[in-house]
Number of protein chains: 2
Amino acid sequence: MEMGIPMGRREQERRWRRQYILNVAERLFARKGYHQTTMAEISKASEFGMATIYQFFKSKEKIYIAIFNEKLDLLIRFVEEAVKRAKDPVEKIKVILKANFDFFKQHQDFFKLYSMEREAIAVIIKEDLGKGIYKKHHQGIKLVAEVIEEGIKRGYFHPLPPKDVAILFLGMMEEYINTWIKEDVDWEQKLKIITEVFLNGILNRKHQGERNV
Amino acid sequence: MEMGIPMGRREQERRWRRQYILNVAERLFARKGYHQTTMAEISKASEFGMATIYQFFKSKEKIYIAIFNEKLDLLIRFVEEAVKRAKDPVEKIKVILKANFDFFKQHQDFFKLYSMEREAIAVIIKEDLGKGIYKKHHQGIKLVAEVIEEGIKRGYFHPLPPKDVAILFLGMMEEYINTWIKEDVDWEQKLKIITEVFLNGILNRKHQGERNV
DNA sequence: CCATTTTTGGAATATTAATTCTAATTGATA
DNA sequence: TATCAATTAGAATTAATATTCCAAAAATGG
(Lines give C-alpha, C1' and ligand atoms only; values in the text may rest on other atoms or scores of the structure.)
Protein backbone atom coordinates (compact mmCIF):
# COMPACT_ATOMS: atom_id res chain seq x y z
CA MET A 1 0.00 0.00 0.00
CA GLU A 2 2.90 2.33 0.68
CA MET A 3 4.31 4.39 -2.16
CA GLY A 4 6.48 2.32 -4.41
CA ILE A 5 4.83 -1.02 -3.87
CA PRO A 6 2.57 -1.45 -6.88
CA MET A 7 -1.11 -2.27 -6.37
CA GLY A 8 -2.49 -5.51 -7.71
CA ARG A 9 -5.50 -5.53 -10.00
CA ARG A 10 -7.72 -6.49 -7.11
CA GLU A 11 -6.69 -3.49 -5.08
CA GLN A 12 -6.97 -1.16 -8.02
CA GLU A 13 -10.49 -2.29 -8.69
CA ARG A 14 -11.38 -1.73 -5.08
CA ARG A 15 -10.08 1.80 -5.22
CA TRP A 16 -11.90 2.49 -8.40
CA ARG A 17 -15.20 1.26 -6.96
CA ARG A 18 -14.75 3.19 -3.78
CA GLN A 19 -14.16 6.34 -5.78
CA TYR A 20 -17.14 5.54 -7.95
CA ILE A 21 -19.42 5.33 -4.95
CA LEU A 22 -18.06 8.62 -3.66
CA ASN A 23 -18.72 10.33 -6.98
CA VAL A 24 -22.26 9.08 -7.15
CA ALA A 25 -22.94 10.07 -3.56
CA GLU A 26 -21.44 13.49 -4.13
CA ARG A 27 -23.78 14.14 -6.98
CA LEU A 28 -26.79 13.07 -4.98
CA PHE A 29 -25.80 14.98 -1.86
CA ALA A 30 -25.23 18.09 -3.93
CA ARG A 31 -28.62 17.80 -5.50
CA LYS A 32 -30.66 17.02 -2.43
CA GLY A 33 -28.56 17.56 0.65
CA TYR A 34 -27.37 15.04 3.18
CA HIS A 35 -30.59 14.10 4.90
CA GLN A 36 -32.71 13.92 1.79
CA THR A 37 -30.35 11.47 0.17
CA THR A 38 -30.95 7.86 1.18
CA MET A 39 -28.63 4.92 1.14
CA ALA A 40 -31.13 3.19 -1.11
CA GLU A 41 -30.65 5.93 -3.66
CA ILE A 42 -26.90 5.74 -3.48
CA SER A 43 -27.18 2.00 -3.91
CA LYS A 44 -29.47 2.31 -6.89
CA ALA A 45 -27.56 5.07 -8.61
CA SER A 46 -24.22 3.37 -8.17
CA GLU A 47 -25.68 -0.02 -9.11
CA PHE A 48 -24.15 -1.58 -6.03
CA GLY A 49 -26.11 -3.46 -3.40
CA MET A 50 -26.33 -2.19 0.15
CA ALA A 51 -23.88 -4.70 1.48
CA THR A 52 -21.31 -3.66 -1.08
CA ILE A 53 -21.53 -0.05 -0.11
CA TYR A 54 -21.31 -0.92 3.55
CA GLN A 55 -18.23 -2.92 2.64
CA PHE A 56 -16.52 0.29 1.63
CA PHE A 57 -17.99 2.68 4.16
CA LYS A 58 -19.11 1.92 7.66
CA SER A 59 -21.97 4.40 7.48
CA LYS A 60 -23.63 7.10 5.47
CA GLU A 61 -21.85 9.64 7.57
CA LYS A 62 -18.47 8.18 6.64
CA ILE A 63 -19.27 8.60 2.97
CA TYR A 64 -20.05 12.22 3.56
CA ILE A 65 -16.90 12.81 5.53
CA ALA A 66 -14.80 11.05 2.93
CA ILE A 67 -16.12 13.27 0.16
CA PHE A 68 -15.32 16.40 2.10
CA ASN A 69 -11.92 15.31 3.25
CA GLU A 70 -10.72 14.11 -0.08
CA LYS A 71 -12.00 17.04 -2.10
CA LEU A 72 -10.73 19.59 0.40
CA ASP A 73 -7.30 18.01 0.33
CA LEU A 74 -7.34 18.20 -3.41
CA LEU A 75 -8.32 21.85 -3.33
CA ILE A 76 -5.71 22.82 -0.79
CA ARG A 77 -2.97 21.07 -2.71
CA PHE A 78 -4.14 22.69 -5.92
CA VAL A 79 -4.09 26.17 -4.44
CA GLU A 80 -0.76 25.68 -2.69
CA GLU A 81 0.82 24.53 -5.92
CA ALA A 82 -0.48 27.58 -7.71
CA VAL A 83 0.72 29.96 -5.03
CA LYS A 84 4.22 28.55 -5.18
CA ARG A 85 4.50 29.51 -8.79
CA ALA A 86 3.75 33.19 -8.14
CA LYS A 87 6.41 35.61 -7.00
CA ASP A 88 4.96 38.80 -5.59
CA PRO A 89 1.97 39.02 -3.23
CA VAL A 90 -0.32 40.72 -5.71
CA GLU A 91 0.34 37.95 -8.16
CA LYS A 92 -0.32 35.40 -5.43
CA ILE A 93 -3.71 36.86 -4.63
CA LYS A 94 -4.67 36.68 -8.26
CA VAL A 95 -3.43 33.16 -8.52
CA ILE A 96 -5.40 32.04 -5.47
CA LEU A 97 -8.55 33.46 -6.96
CA LYS A 98 -7.94 31.80 -10.27
CA ALA A 99 -7.11 28.47 -8.70
CA ASN A 100 -10.31 28.49 -6.68
CA PHE A 101 -12.42 29.51 -9.64
CA ASP A 102 -10.88 26.80 -11.76
CA PHE A 103 -11.16 24.13 -9.14
CA PHE A 104 -14.77 24.76 -8.38
CA LYS A 105 -15.70 25.06 -12.02
CA GLN A 106 -14.27 21.57 -12.32
CA HIS A 107 -16.02 20.28 -9.19
CA GLN A 108 -19.38 21.99 -9.19
CA ASP A 109 -21.16 19.28 -7.26
CA PHE A 110 -18.64 19.57 -4.52
CA PHE A 111 -18.89 23.32 -4.43
CA LYS A 112 -22.60 23.11 -4.02
CA LEU A 113 -22.14 20.69 -1.17
CA TYR A 114 -19.43 22.83 0.31
CA SER A 115 -21.28 26.09 0.37
CA MET A 116 -24.47 24.34 1.39
CA GLU A 117 -23.10 22.57 4.37
CA ARG A 118 -19.73 23.89 5.38
CA GLU A 119 -21.21 25.66 8.35
CA ALA A 120 -23.74 22.98 9.06
CA ILE A 121 -21.25 20.19 8.97
CA ALA A 122 -20.12 20.51 12.54
CA VAL A 123 -23.74 19.95 13.42
CA ILE A 124 -24.72 17.30 10.90
CA ILE A 125 -21.77 15.13 11.66
CA LYS A 126 -21.60 13.96 15.21
CA GLU A 127 -18.25 12.37 14.85
CA ASP A 128 -14.96 14.08 15.57
CA LEU A 129 -13.92 13.76 11.98
CA GLY A 130 -16.33 16.57 11.27
CA LYS A 131 -13.84 18.71 13.07
CA GLY A 132 -11.11 17.66 10.68
CA ILE A 133 -13.06 19.33 7.92
CA TYR A 134 -13.41 22.46 9.99
CA LYS A 135 -9.65 22.39 10.42
CA LYS A 136 -9.07 22.18 6.72
CA HIS A 137 -11.18 25.25 6.19
CA HIS A 138 -8.91 27.10 8.57
CA GLN A 139 -5.88 25.85 6.74
CA GLY A 140 -7.24 27.77 3.75
CA ILE A 141 -7.62 30.92 5.80
CA LYS A 142 -4.10 30.56 7.06
CA LEU A 143 -2.67 30.22 3.59
CA VAL A 144 -4.29 33.45 2.47
CA ALA A 145 -3.36 35.21 5.69
CA GLU A 146 0.28 34.38 5.10
CA VAL A 147 0.19 35.85 1.64
CA ILE A 148 -1.42 38.99 3.01
CA GLU A 149 1.14 39.25 5.76
CA GLU A 150 4.00 38.91 3.31
CA GLY A 151 2.37 41.57 1.17
CA ILE A 152 2.16 43.95 4.09
CA LYS A 153 5.76 43.35 5.10
CA ARG A 154 6.94 43.98 1.59
CA GLY A 155 4.92 47.16 1.40
CA TYR A 156 2.39 46.02 -1.16
CA PHE A 157 -0.67 46.06 1.06
CA HIS A 158 -2.13 48.34 3.68
CA PRO A 159 -1.18 47.31 7.18
CA LEU A 160 -4.40 45.60 8.25
CA PRO A 161 -4.73 42.44 10.37
CA PRO A 162 -3.87 39.61 7.94
CA LYS A 163 -6.37 37.13 9.29
CA ASP A 164 -9.19 39.62 9.03
CA VAL A 165 -8.28 40.45 5.48
CA ALA A 166 -8.03 36.76 4.63
CA ILE A 167 -11.52 36.14 5.95
CA LEU A 168 -12.92 39.04 3.97
CA PHE A 169 -11.19 37.78 0.90
CA LEU A 170 -12.51 34.26 1.23
CA GLY A 171 -16.00 35.47 2.08
CA MET A 172 -16.06 37.53 -1.08
CA MET A 173 -14.77 34.73 -3.16
CA GLU A 174 -17.09 32.09 -1.84
CA GLU A 175 -20.24 34.13 -2.18
CA TYR A 176 -19.19 35.22 -5.61
CA ILE A 177 -18.53 31.74 -6.89
CA ASN A 178 -21.72 30.63 -5.23
CA THR A 179 -23.78 33.14 -7.11
CA TRP A 180 -22.26 32.61 -10.50
CA ILE A 181 -21.47 28.94 -10.58
CA LYS A 182 -25.04 28.07 -11.45
CA GLU A 183 -25.05 30.32 -14.45
CA ASP A 184 -22.98 30.25 -17.56
CA VAL A 185 -20.94 33.40 -17.08
CA ASP A 186 -17.73 34.85 -18.40
CA TRP A 187 -15.31 33.75 -15.71
CA GLU A 188 -12.44 35.89 -16.89
CA GLN A 189 -14.68 38.89 -16.50
CA LYS A 190 -15.76 37.84 -13.01
CA LEU A 191 -12.19 37.22 -12.00
CA LYS A 192 -11.30 40.73 -13.07
CA ILE A 193 -14.09 42.29 -11.06
CA ILE A 194 -13.33 40.54 -7.81
CA THR A 195 -9.62 41.20 -8.17
CA GLU A 196 -10.29 44.85 -8.83
CA VAL A 197 -12.60 45.25 -5.85
CA PHE A 198 -10.35 43.42 -3.45
CA LEU A 199 -7.15 45.14 -4.47
CA ASN A 200 -8.42 48.66 -5.10
CA GLY A 201 -11.69 48.91 -3.23
CA ILE A 202 -14.71 50.58 -4.68
CA LEU A 203 -13.94 54.16 -3.82
CA ASN A 204 -13.16 56.48 -6.66
CA ARG A 205 -9.85 58.28 -6.40
CA LYS A 206 -11.41 61.71 -6.80
CA HIS A 207 -13.41 61.22 -3.64
CA GLN A 208 -10.73 59.57 -1.55
CA GLY A 209 -9.82 62.82 0.12
CA GLU A 210 -13.28 62.85 1.66
CA ARG A 211 -12.92 59.60 3.42
CA ASN A 212 -13.14 59.71 7.14
CA VAL A 213 -12.98 55.99 7.83
CA MET B 1 -56.54 41.50 13.19
CA GLU B 2 -56.02 44.52 10.95
CA MET B 3 -54.09 47.48 12.26
CA GLY B 4 -56.26 49.65 14.39
CA ILE B 5 -58.60 47.01 15.71
CA PRO B 6 -57.20 46.18 19.13
CA MET B 7 -56.47 42.55 19.98
CA GLY B 8 -58.29 40.98 22.86
CA ARG B 9 -56.41 39.37 25.72
CA ARG B 10 -57.09 35.96 24.22
CA GLU B 11 -55.49 36.88 20.93
CA GLN B 12 -52.56 38.58 22.58
CA GLU B 13 -51.80 35.51 24.63
CA ARG B 14 -51.94 33.39 21.53
CA ARG B 15 -49.44 35.61 19.82
CA TRP B 16 -47.17 35.58 22.77
CA ARG B 17 -47.19 31.80 22.97
CA ARG B 18 -46.63 31.43 19.28
CA GLN B 19 -43.63 33.72 19.53
CA TYR B 20 -42.39 31.85 22.56
CA ILE B 21 -42.42 28.58 20.67
CA LEU B 22 -40.56 30.21 17.80
CA ASN B 23 -37.89 31.56 20.15
CA VAL B 24 -37.35 28.21 21.77
CA ALA B 25 -37.22 26.45 18.43
CA GLU B 26 -34.79 29.00 17.08
CA ARG B 27 -32.41 28.37 19.94
CA LEU B 28 -32.58 24.62 19.46
CA PHE B 29 -32.24 24.77 15.68
CA ALA B 30 -29.26 27.08 16.01
CA ARG B 31 -27.59 24.71 18.42
CA LYS B 32 -28.21 21.44 16.60
CA GLY B 33 -29.53 22.13 13.16
CA TYR B 34 -32.91 21.36 11.71
CA HIS B 35 -32.80 17.61 11.50
CA GLN B 36 -31.14 17.02 14.83
CA THR B 37 -33.82 18.96 16.63
CA THR B 38 -36.90 16.91 17.41
CA MET B 39 -40.43 18.03 18.06
CA ALA B 40 -40.18 16.29 21.41
CA GLU B 41 -37.33 18.60 22.33
CA ILE B 42 -39.19 21.68 21.25
CA SER B 43 -42.15 20.49 23.26
CA LYS B 44 -40.06 19.83 26.32
CA ALA B 45 -38.05 23.04 26.15
CA SER B 46 -41.08 25.21 25.57
CA GLU B 47 -43.07 23.33 28.20
CA PHE B 48 -45.94 22.90 25.79
CA GLY B 49 -47.43 19.56 24.83
CA MET B 50 -47.23 18.26 21.32
CA ALA B 51 -50.83 19.04 20.55
CA THR B 52 -50.34 22.62 21.62
CA ILE B 53 -47.43 23.12 19.30
CA TYR B 54 -49.29 21.52 16.44
CA GLN B 55 -52.09 23.92 17.26
CA PHE B 56 -49.84 26.78 16.31
CA PHE B 57 -47.86 25.21 13.48
CA LYS B 58 -48.99 22.57 11.06
CA SER B 59 -45.56 20.97 10.98
CA LYS B 60 -41.96 21.20 12.04
CA GLU B 61 -41.14 22.62 8.67
CA LYS B 62 -43.60 25.47 9.17
CA ILE B 63 -41.89 26.42 12.38
CA TYR B 64 -38.61 26.61 10.59
CA ILE B 65 -40.01 28.68 7.77
CA ALA B 66 -41.73 31.02 10.18
CA ILE B 67 -38.49 31.71 12.01
CA PHE B 68 -36.69 32.55 8.82
CA ASN B 69 -39.43 34.65 7.34
CA GLU B 70 -40.07 36.70 10.41
CA LYS B 71 -36.45 37.34 11.27
CA LEU B 72 -35.51 38.17 7.72
CA ASP B 73 -38.35 40.65 7.51
CA LEU B 74 -37.15 42.22 10.69
CA LEU B 75 -33.60 42.45 9.36
CA ILE B 76 -34.62 43.94 6.04
CA ARG B 77 -36.80 46.53 7.69
CA PHE B 78 -34.02 47.36 10.12
CA VAL B 79 -31.46 47.86 7.37
CA GLU B 80 -33.84 49.83 5.17
CA GLU B 81 -34.63 52.17 8.02
CA ALA B 82 -30.96 52.74 8.63
CA VAL B 83 -30.18 53.39 4.98
CA LYS B 84 -32.90 56.02 4.75
CA ARG B 85 -31.21 58.04 7.41
CA ALA B 86 -27.90 58.27 5.49
CA LYS B 87 -27.30 60.82 2.77
CA ASP B 88 -24.34 59.95 0.58
CA PRO B 89 -23.49 56.47 -0.73
CA VAL B 90 -20.35 56.09 1.34
CA GLU B 91 -22.35 56.81 4.42
CA LYS B 92 -24.98 54.33 3.32
CA ILE B 93 -22.46 51.55 2.93
CA LYS B 94 -21.18 52.20 6.41
CA VAL B 95 -24.68 52.27 7.78
CA ILE B 96 -25.61 48.98 6.15
CA LEU B 97 -22.58 47.36 7.70
CA LYS B 98 -23.37 48.74 11.09
CA ALA B 99 -27.02 47.76 10.91
CA ASN B 100 -26.13 44.20 10.01
CA PHE B 101 -23.53 43.94 12.72
CA ASP B 102 -25.93 45.30 15.28
CA PHE B 103 -28.82 43.16 14.20
CA PHE B 104 -26.89 39.94 14.27
CA LYS B 105 -25.22 40.76 17.51
CA GLN B 106 -28.75 41.01 18.88
CA HIS B 107 -29.96 37.83 17.19
CA GLN B 108 -27.02 35.49 17.39
CA ASP B 109 -29.08 32.32 17.33
CA PHE B 110 -30.70 33.42 14.16
CA PHE B 111 -27.41 34.32 12.58
CA LYS B 112 -26.07 30.88 13.31
CA LEU B 113 -29.13 29.36 11.73
CA TYR B 114 -28.90 31.72 8.83
CA SER B 115 -25.32 31.10 7.92
CA MET B 116 -25.70 27.42 8.63
CA GLU B 117 -28.63 26.81 6.41
CA ARG B 118 -29.24 29.70 4.07
CA GLU B 119 -27.92 27.70 1.18
CA ALA B 120 -29.30 24.43 2.39
CA ILE B 121 -32.75 25.76 2.94
CA ALA B 122 -33.98 25.31 -0.57
CA VAL B 123 -33.13 21.67 -0.09
CA ILE B 124 -34.30 21.13 3.47
CA ILE B 125 -37.64 22.69 2.84
CA LYS B 126 -39.65 21.02 0.16
CA GLU B 127 -42.41 23.54 0.25
CA ASP B 128 -42.62 26.59 -1.97
CA LEU B 129 -42.34 28.87 1.01
CA GLY B 130 -38.68 27.92 1.07
CA LYS B 131 -38.41 29.97 -2.05
CA GLY B 132 -39.84 32.99 -0.27
CA ILE B 133 -36.79 32.96 1.93
CA TYR B 134 -34.53 32.74 -1.05
CA LYS B 135 -36.35 35.75 -2.43
CA LYS B 136 -35.76 37.74 0.71
CA HIS B 137 -32.06 37.08 0.46
CA HIS B 138 -32.11 38.59 -2.99
CA GLN B 139 -34.02 41.56 -1.70
CA GLY B 140 -30.98 42.23 0.46
CA ILE B 141 -28.67 42.02 -2.52
CA LYS B 142 -30.90 44.41 -4.42
CA LEU B 143 -30.86 46.97 -1.65
CA VAL B 144 -27.07 47.04 -1.60
CA ALA B 145 -26.85 47.03 -5.39
CA GLU B 146 -29.01 50.13 -5.52
CA VAL B 147 -26.77 51.95 -3.12
CA ILE B 148 -23.75 50.98 -5.18
CA GLU B 149 -25.41 52.08 -8.37
CA GLU B 150 -26.29 55.43 -6.90
CA GLY B 151 -22.70 55.75 -5.72
CA ILE B 152 -21.38 55.10 -9.19
CA LYS B 153 -23.76 57.56 -10.80
CA ARG B 154 -22.76 60.25 -8.35
CA GLY B 155 -19.11 59.55 -8.98
CA TYR B 156 -18.27 58.12 -5.59
CA PHE B 157 -17.48 54.58 -6.68
CA HIS B 158 -15.63 52.93 -9.51
CA PRO B 159 -17.90 51.96 -12.38
CA LEU B 160 -18.22 48.25 -11.69
CA PRO B 161 -21.36 46.12 -12.10
CA PRO B 162 -23.49 46.99 -9.06
CA LYS B 163 -24.88 43.53 -8.50
CA ASP B 164 -21.43 41.99 -8.54
CA VAL B 165 -20.17 44.51 -6.07
CA ALA B 166 -23.20 43.94 -3.86
CA ILE B 167 -22.54 40.22 -3.78
CA LEU B 168 -18.90 40.74 -2.92
CA PHE B 169 -19.91 43.12 -0.18
CA LEU B 170 -22.43 40.77 1.36
CA GLY B 171 -20.08 37.82 1.08
CA MET B 172 -17.41 39.70 2.96
CA MET B 173 -19.80 40.82 5.59
CA GLU B 174 -21.42 37.49 6.18
CA GLU B 175 -18.20 35.57 6.48
CA TYR B 176 -16.78 38.22 8.70
CA ILE B 177 -19.70 38.26 11.09
CA ASN B 178 -19.71 34.51 10.98
CA THR B 179 -16.13 34.30 12.14
CA TRP B 180 -16.31 36.86 14.87
CA ILE B 181 -19.78 36.43 16.27
CA LYS B 182 -18.72 33.47 18.34
CA GLU B 183 -15.96 35.41 20.01
CA ASP B 184 -16.06 38.46 22.16
CA VAL B 185 -14.41 40.97 19.87
CA ASP B 186 -14.22 44.71 19.53
CA TRP B 187 -16.97 45.31 17.01
CA GLU B 188 -16.08 48.92 16.36
CA GLN B 189 -12.64 47.77 15.36
CA LYS B 190 -14.02 45.07 13.08
CA LEU B 191 -16.39 47.50 11.48
CA LYS B 192 -13.48 49.79 10.68
CA ILE B 193 -11.47 47.04 9.07
CA ILE B 194 -14.20 45.78 6.78
CA THR B 195 -15.17 49.31 5.79
CA GLU B 196 -11.59 50.15 5.01
CA VAL B 197 -11.04 47.04 2.90
CA PHE B 198 -14.25 47.39 0.99
CA LEU B 199 -13.92 51.08 0.27
CA ASN B 200 -10.18 51.33 -0.33
CA GLY B 201 -9.05 47.84 -1.15
CA ILE B 202 -5.88 46.39 0.25
CA LEU B 203 -3.39 47.77 -2.21
CA ASN B 204 -0.96 50.33 -0.95
CA ARG B 205 -0.89 53.60 -2.82
CA LYS B 206 2.82 53.45 -3.48
CA HIS B 207 2.41 50.25 -5.49
CA GLN B 208 -0.72 51.19 -7.33
CA GLY B 209 1.19 52.24 -10.41
CA GLU B 210 2.30 48.62 -10.81
CA ARG B 211 -1.15 47.25 -11.03
CA ASN B 212 -2.03 45.50 -14.21
CA VAL B 213 -5.43 44.25 -13.23
C1' DC C 1 -71.61 26.80 40.03
C1' DC C 2 -72.61 24.16 35.89
C1' DA C 3 -72.48 23.21 30.96
C1' DT C 4 -69.84 23.87 27.00
C1' DT C 5 -65.90 24.91 24.44
C1' DT C 6 -61.03 25.15 24.04
C1' DT C 7 -56.67 23.71 25.23
C1' DT C 8 -53.47 20.47 26.80
C1' DG C 9 -50.24 16.41 27.79
C1' DG C 10 -48.41 12.59 26.37
C1' DA C 11 -49.19 7.88 24.69
C1' DA C 12 -50.11 5.41 20.28
C1' DT C 13 -49.31 5.24 15.43
C1' DA C 14 -47.18 5.49 11.09
C1' DT C 15 -43.48 6.42 8.32
C1' DT C 16 -39.14 6.67 6.79
C1' DA C 17 -34.73 5.10 6.19
C1' DA C 18 -30.14 3.39 8.19
C1' DT C 19 -28.13 -0.90 9.06
C1' DT C 20 -27.74 -5.94 9.29
C1' DC C 21 -28.40 -10.53 7.64
C1' DT C 22 -28.71 -14.48 4.64
C1' DA C 23 -28.55 -16.90 0.79
C1' DA C 24 -26.75 -16.80 -3.77
C1' DT C 25 -23.10 -15.64 -6.89
C1' DT C 26 -18.77 -14.76 -8.37
C1' DG C 27 -13.89 -15.30 -8.62
C1' DA C 28 -9.41 -17.27 -7.24
C1' DT C 29 -6.46 -21.21 -6.63
C1' DA C 30 -4.71 -25.62 -7.55
C1' DT D 1 -13.18 -28.39 -12.72
C1' DA D 2 -13.79 -28.57 -7.63
C1' DT D 3 -13.17 -26.11 -3.43
C1' DC D 4 -12.98 -22.26 -0.71
C1' DA D 5 -13.10 -17.43 0.15
C1' DA D 6 -14.76 -13.06 -0.96
C1' DT D 7 -18.39 -10.36 -2.74
C1' DT D 8 -22.92 -9.22 -3.64
C1' DA D 9 -28.13 -8.22 -3.88
C1' DG D 10 -31.89 -7.09 -1.68
C1' DA D 11 -35.17 -8.44 1.92
C1' DA D 12 -35.78 -8.16 6.96
C1' DT D 13 -34.84 -5.70 11.01
C1' DT D 14 -34.52 -1.89 13.86
C1' DA D 15 -34.50 2.71 15.34
C1' DA D 16 -35.89 7.21 15.26
C1' DT D 17 -39.25 10.57 15.29
C1' DA D 18 -43.05 13.42 13.00
C1' DT D 19 -47.78 13.41 13.44
C1' DT D 20 -52.30 12.06 15.25
C1' DC D 21 -55.48 10.96 18.74
C1' DC D 22 -57.96 10.98 22.94
C1' DA D 23 -58.89 11.49 27.60
C1' DA D 24 -58.17 14.94 31.10
C1' DA D 25 -57.88 19.69 32.49
C1' DA D 26 -58.77 24.47 32.14
C1' DA D 27 -61.10 28.42 30.64
C1' DT D 28 -65.39 30.67 29.38
C1' DG D 29 -69.91 32.55 29.90
C1' DG D 30 -74.39 32.49 31.65
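A, B, ... follow the sequence lines: proteins, then strands. Residue 1 opens every chain. FYI, side chains are in, hydrogens and waters are out, and symmetry mates aren't considered; it's all heavy atoms of this structure.
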Write down the distance between [atom1] ([X]) and [atom2] ([N]), rounded to a whole number of angstrom.
{"X": "Glu61(A)", "N": "dA17(C)", "atom1": "CD", "atom2": "C1'", "answer": "15 Å"}
{"X": "Glu41(B)", "N": "dT17(D)", "atom1": "CD", "atom2": "C1'", "answer": "11 Å"}
{"X": "Glu13(B)", "N": "dA26(D)", "atom1": "CD", "atom2": "C1'", "answer": "12 Å"}
{"X": "Met39(A)", "N": "dA15(D)", "atom1": "CE", "atom2": "C1'", "answer": "16 Å"}
{"X": "Arg14(B)", "N": "dT28(D)", "atom1": "CZ", "atom2": "P", "answer": "13 Å"}
{"X": "Lys60(A)", "N": "dT19(C)", "atom1": "NZ", "atom2": "P", "answer": "8 Å"}
{"X": "Lys32(A)", "N": "dT16(C)", "atom1": "NZ", "atom2": "P", "answer": "13 Å"}
{"X": "Gln36(A)", "N": "dA17(C)", "atom1": "CD", "atom2": "P", "answer": "9 Å"}

**Asked** Out of curiosity, Leu75(B) CG to Gln139(B) CD, how far, rounded to the nearest 0.5 Å?
**Response**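 Reported to 0.5 Å precision, the distance equals 10.0 Å.
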
**Item:** Gap between atom CZ of Phe29(A) and atom CD of Glu41(A) - 0.5 Å precision
**Value:**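 Here the rounded value is 9.5 Å.
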
**Request:** Give, ordered by number, those residues of residues 42-56 of chain B having at least one heavy-atom distance below 4.0 Å to an atom of DNA chain D; if nothing qualifies, reply none.
**Result:**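 Going residue by residue through residues 42-56 of chain B, the ones with a heavy atom under 4.0 Å of DNA chain D turn out to be Met50(B), Ala51(B), Tyr54(B).
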
**Request:** List in numerical order all residues of residues 16-29 of chain B for which some heavy atom is under 4.0 Å away from an atom belonging to DNA chain D.
**Result:**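 Those residues whose heavy atoms fall under 4.0 Å from DNA chain D, taken from residues 16-29 of chain B, amount to none.
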
**Prompt:** How would you list, by chain and number, every residue that makes a ring pair (Phe, Tyr, Trp, His ring centres under 6.0 Å) with Phe169(B), sequence neighbours excluded?
**Reply:**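 With sequence neighbours excluded, Phe169(B) shows a ring pair (Phe, Tyr, Trp, His ring centres under 6.0 Å) to Phe198(B), given in chain and number order.
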
**Asked** Quick one: does NZ or CZ of Arg18(A) land under 6.0 Å from the six-membered ring centre of Phe57(A), within 45 degrees of the ring axis?
**Response**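 Ring-cation test returns no.
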
**Asked** Once the angle between the rings of Phe103(A) and Phe110(A) is folded into 0 to 90°, is it parallel (under 30°), tilted (30 to 60°) or perpendicular (over 60°)?
**Response**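 Phe103(A) and Phe110(A): perpendicular rings.
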
**Request:** May I ask you to check whether Phe111(A) and His107(A) place their ring centers less than 6.0 Å from one another?
**Result:**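 Centroid separation for Phe111(A) and His107(A): 6.0 Å or greater.
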
**Message:** Counting only heavy atoms from other residues, nucleotides and ligands, does the tally under 6.0 Å from CG of Asp184(A) exceed 12?
**Reply:**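 Count not over threshold, so no.
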
**Prompt:** Which pair of non-hydrogen atoms, one from Leu113(B) and one from Ala30(B), has the smallest distance, and what is that distance?
**Reply:**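 Answer, listing the atom of Leu113(B) first, then Ala30(B): CD1-N, 3.6 Å.
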
**Message:** For Arg77(A), is there an ion pair with Glu80(A) - N to carboxylate O distance below 4.0 angstrom?
**Reply:**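 Judged by the 4.0 Å cut-off on N to carboxylate O distance, Glu80(A) and Arg77(A) do not form a salt bridge.
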
